[in-house]
Amino acid sequence: MIETAPKRATPRLRKRRWLTPRAGLAVAALVAAAAGVGALRSETPLAALPHGPVLDRAVARGVLRVGVRSYPRPAPPEAPTPPEPDSFDATLAAGLAASLGVRLELVGLAPYAQAAALRRGDVDVVFAGVPESRELEGVTVAPGDYSPGSGMVVTLRKGRIQDKAALQGATVCVGEGSSYARTVASRYGAVPRRYPSGVHAVSAFMAGECAALAEDIEVLDRLLRDEQWRFYRPLITSLEAVDGAGARLQEGDAASRDYLSAALRRWESDGTLDRARVARGGNLRLEIAQLKDGLVCHS
């Protein structure tokens, strides 16, 4: 169970912390086991690789502080829920903490607060998808990609967007940190409209706030089979990310950066990232199904 800090009412908070006991978060056990399998396949176990000051400080305090996305899950209109960590980000954070042998503290950060939190040392690492700005002063990105995978763009079946050219200047709903936001902007001239999460983006699209929606192809392909989605159709069926999501940390610590890169490579090769992506898709489809049951996304 995740112990939360005292509740505050809005997901627009500068930061929100969740302290996770070593054996408390369910995903931690899954990712730790996968990391162990990966270590057996490698000459050098991940935990044996050198790391620099940032990760050394986490080991010394016994807690790794990771900045993640957070958002309220669908809930009845009269009973909004507090923000909770993004499960995909939390899975990766749990894997990193397990490799270091420390507890995990998840810190919910709004996009504008992530770089400052890293520079101040409020968090050690950020797993929060793709940052909105390519240039983040005092922050470095560890080489490696943990994007969900190939994406899809869907539109109304009888709407004004009937071909790719019509995306020029059109709004496209995306979740915060989406790997597809820059792709639809740079390749098709669309205008990404960001929402706190994938389920918020889907809810906004269905409410008519955007002309199109960009999400993971596995998620949208399954949704399009649902009777409720008969009014929508795929416009682009293979949308590759221009910029992949990368782990971020303070500049000037090459050793810790290289450790994060090694972790991403290991998780890619041993299947950990694939399992996390599949789990993300399942969680998102469940949350979208709750919208159909009359629950709403609070923001």
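What's counted below: heavy atoms across the whole structure, side chains too, no hydrogens, waters or symmetry copies.
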Pair H200-Y195, ring-ring contact (aromatic ring centres under 6.0 Å, His included): steps then yes or no: CA-CA 6 Å; H200 284 79; Y195 291 85; 7.9 Å; no

Candidate pair L55 and V125, rule side-chain contact (heavy atoms from CB on, under 4.5 Å), full reasoning: CA-CA 9 Å; L55 297 183; V125 180; 4.3 Å; yes

Please determine whether side-chain contact (heavy atoms from CB on, under 4.5 Å) holds for the pair H51 and D56, giving the CA-CA distance in whole Å, both sets of side-chain angles, and the decisive distance to 0.1 Å. CA-CA 7 Å; H51 37 72; D56 281 339; 2.8 Å; yes

Q) Yes or no on side chain to side chain donor-acceptor pair (under 3.5 Å) for S99 and Y259, after CA distance, side-chain angles and deciding distance? A) CA-CA 10 Å; S99 75; Y259 187 96; 3.0 Å; yes

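For the residue pair E240 / Y180, no side-chain donor-acceptor distance below 3.5 Å is found, with atom types taken as modelled.
Crowding of R230 atom CZ: a count of heavy atoms from other residues, nucleotides or ligands under 6.0 Å exceeding 12.
Considering only heavy atoms from C-beta on, E215 comes within 4.5 Å of L284 through its side chain. Side-chain contact between E84 and S70 is absent, with no heavy atoms from C-beta onward closer than 4.5 Å. Between D124 and R61, some side-chain heavy-atom pair lies under the 4.5 Å cut-off. Taking the side chain as every heavy atom from C-beta outward, R257 and D253 never approach each other to under 4.5 Å.
Note: W267 and F127 have tilted aromatic rings, judged against thresholds of 30 and 60 degrees for the angle between ring planes.
Of all heavy-atom pairs spanning V141 and R248, the tightest one is CG2-CG, 3.7 Å.
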